[in-house]
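The block underneath contains the structure these notes are about, expressed in structure tokens.
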Amino acid sequence: MTVVTIDGPAGSGKSTVAAALAARLGVVHVDTGAYYRAATLAVLRAGADPSDAAAAEAAVSGARIERRAGRTMLDGRDVEDEIRGPLVTAAVSTVAAHPAVRRALLPLQRAEVGDAGAVVEGRDAGTVVVPDADLKVWLTASPQERAVRRAAQRGVPDAAAVAAHAADISRRDRLDARQMVPSGGAVEVDTTGRGVPEIVDELVRLALSAAGQRT
Ligand code: DC
């Protein structure tokens, strides 16, 4: 079955494109960032310092993180909305940078990918989570467009909001840099100025052709 990875920086359009592509291909959409967000919530709830690797690892190894029908569960409770909030967003890059945290979450992410086909989005989906994916996509967009999209998602995209998001996005890019290495065989798709349906059409064509070459 077809496995597509979609990696790229915050605001590149990964989540929207990955969800639409998964629906078109009839496979699950695995959001690997949700695991890092849930792990970060576990760290914050434990009162641990997100930059303390040992404390973060202890909090994460004591937490039960699951994904059910597109929702994220922490210790049996639905935390999908909370993990998208500002407290988790501010700390997640710091928690995700700890190698021990990444090692703990990898088997959970791979289990969700399963073997029935998937669209897997993240930063290292094509390099680490599913290195043998049929199609690997590296999604990009200009820094200005990424900031405008984030501001629009959160409310009114006025100049002050866009500037604040631009600063936050460049901070997260720096922190996420180690994970953000495009996989060797990744197809780079620049989403700047393009609509979601057009990009998804392109990826469906690429995915079907990649799957056809495999069989
Ligand atoms: O895609 P997102 O914004 O929900 O990701 C949240 C954070 O998790 C982001 O700062 C980078 C990190 N992340 C990661 O390190 N590796 C992944 N495969 C996915 C996300």
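Note that ligands are numbered from 1 as they come in the structure, with each ligand's atoms numbered from 1 the same way. In this text the structure is predicted, and so the values were computed from the model without any measurement. Quick note: residue numbers are just sequence positions, from 1.
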Distances under 3.5 Å, N/O of ligand 1 against N/O of the protein: list each pair and its distance.
residue	atom	partner	partner atom	Å
ligand 1	1 (O)	Arg123	NH1	3.0
ligand 1	3 (O)	Arg37	NH2	3.1
ligand 1	3 (O)	Arg172	NH2	2.8
ligand 1	4 (O)	Arg37	NE	2.7
ligand 1	10 (O)	Ser93	OG	2.9
ligand 1	10 (O)	Arg172	NH2	3.3
ligand 1	10 (O)	Asp176	OD1	3.2
ligand 1	10 (O)	Asp176	OD2	3.0
ligand 1	15 (O)	Arg102	NH1	2.8
ligand 1	15 (O)	Arg102	NH2	3.4
ligand 1	16 (N)	Arg102	NH2	3.0
ligand 1	18 (N)	Thr32	OG1	2.9
ligand 1	18 (N)	Arg123	N	3.1
ligand 1	18 (N)	Asp124	OD1	2.7

Got a list of side-chain donor-acceptor pairs under 3.5 Å for residues 105-122, not counting sequence neighbours?
residue	atom	partner	partner atom	Å
Gln109	NE2	Thr32	O	3.3
Arg110	NE	Val129	O	2.9
Arg110	NH2	Val128	O	2.7
Glu112	OE1	Tyr35	OH	2.5
Glu121	OE1	Ser15	OG	3.3
Glu121	OE2	His29	NE2	2.8

| Got a salt bridge between Asp78 and Arg71, using NZ or NE/NH1/NH2 to carboxylate O under 4.0 Å? | yes

| said: Taking Glu66 first and then Arg77, would you say they form a salt bridge - that is, a charged N and a carboxylate O separated by under 4.0 Å? | reply: no

| query | Do you see a donor-acceptor pair shorter than 3.5 Å between the side chains of Tyr36 and Arg102? | reply | yes

Name every donor-acceptor pair, under 3.5 Å, that has one atom in a side chain of residues 92-99 and the other anywhere in the protein, sequence neighbours excluded.
residue	atom	partner	partner atom	Å
Ser93	OG	Asp176	OD1	3.1
His98	NE2	Pro50	O	2.8

Expected list for residues 162-169: side-chain donor-acceptor pairs under 3.5 angstrom, two or more places apart:
residue	atom	partner	partner atom	Å
Asp168	OD1	Arg171	NE	3.3
Asp168	OD1	Arg171	NH2	3.0

